[in-house]
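Read the structure below first, then the notes.
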Amino acid sequence: MPTLLRVGPLGPCRFFFFSNEGREPAHVHVEAGNSEAKFWLASGELASSYGFKPHELNELLGIAASNRAVFLEAWNEHFPGKA
């Protein structure tokens, strides 16, 4: 499960994807403490979330959008031809 980014605006947040998720469209997970979220990389939309407050999700969405190219590059390297 490759970690793509660690940032701390909401505490230690980890952006990552699971190595067995190559059948799904490109996406990134983020977790901080007991909270989790998943963002689709193509559309930038929130796929799911648990535990984050709306303003936290907005901040995480901004981080995901700012790093979209890096996340897609990592996805394509890990899952060639699956983006």
Side-chain angles (χ1 to χ4, degrees):
M1 125 174 68
T3 296
L4 307 173
L5 178 68
R6 289 184 192 271
V7 293
L10 306 171
C13 295
R14 182 171 71 105
F15 288 78
F16 65 99
F17 55 81
F18 292 100
S19 292
N20 64 348
E21 292 185 322
R23 293 186 179 138
E24 289 189 44
H27 62 276
V28 65
H29 295 268
V30 60
E31 67 178 11
N34 291 327
S35 300
E36 299 178 15
K38 178 179 174 179
F39 297 98
W40 299 117
L41 293 176
S43 66
E45 294 178 7
L46 177 67
S48 62
S49 70
Y50 173 79
F52 286 114
K53 297 175 183 167
H55 73 277
E56 294 172 330
L57 288 170
N58 286 335
E59 188 166 347
L60 294 170
L61 178 60
I63 294 168
S66 296
N67 291 280
R68 180 180 178 270
V70 173
F71 293 166
L72 278 172
E73 183 178 343
W75 181 274
N76 290 329
E77 287 177 9
H78 199 77
F79 304 111
K82 301 285 185 178

**Prompt:** How far apart are the closest heavy atoms of P2 and F16, and which atoms are they?
**Reply:** O-CB, 3.1 Å

**Message:** By the side-chain hydrogen bond (donor to acceptor under 3.5 Å, both in side chains) test, which pairs, at least two apart or in different chains, include something from residues 27-39?
**Reply:** R14-E31, E21-H27, E21-H29, E24-K38, H27-H29

Under 3.5 Å, which donor-acceptor pairs link side chains of residues 43-51 to any protein atom two or more places apart or in another chain?
from	atom 1	to	atom 2	distance (Å)
S43	OG	E45	N	3.2

**Item:** Within-4.5 Å side-chain heavy-atom neighbours: H78 and S19
**Value:** yes

**Item:** Distance, nearest 0.5 Å, that separates CZ of F52 from CG of N58
**Value:** 12.5 Å

**Message:** For the CG atom of L41 and the CD atom of E73, what is their distance to the nearest 0.5 Å?
**Reply:** 12.5 Å

**Fill in**
Nearest heavy-atom contact between F18 and F79 is O-CZ, 3.5 Å

**Message:** Quick check for you: to the nearest 0.5 Å, what is the distance between L60 atom CG and H55 atom NE2?
**Reply:** 9.5 Å

**Request:** Spell out, yes or no, whether V28 and W40 are grouped together once hydrophobic residues are joined by side-chain heavy atoms under 4.5 Å, including indirect joins.
**Result:** no

**Prompt:** Is the closest side-chain heavy-atom distance between I63 and V7 below 4.5 Å?
**Reply:** yes

**Asked** Residues in ring pair (Phe, Tyr, Trp, His ring centres under 6.0 Å) with F15, at least two apart?
**Response** F71

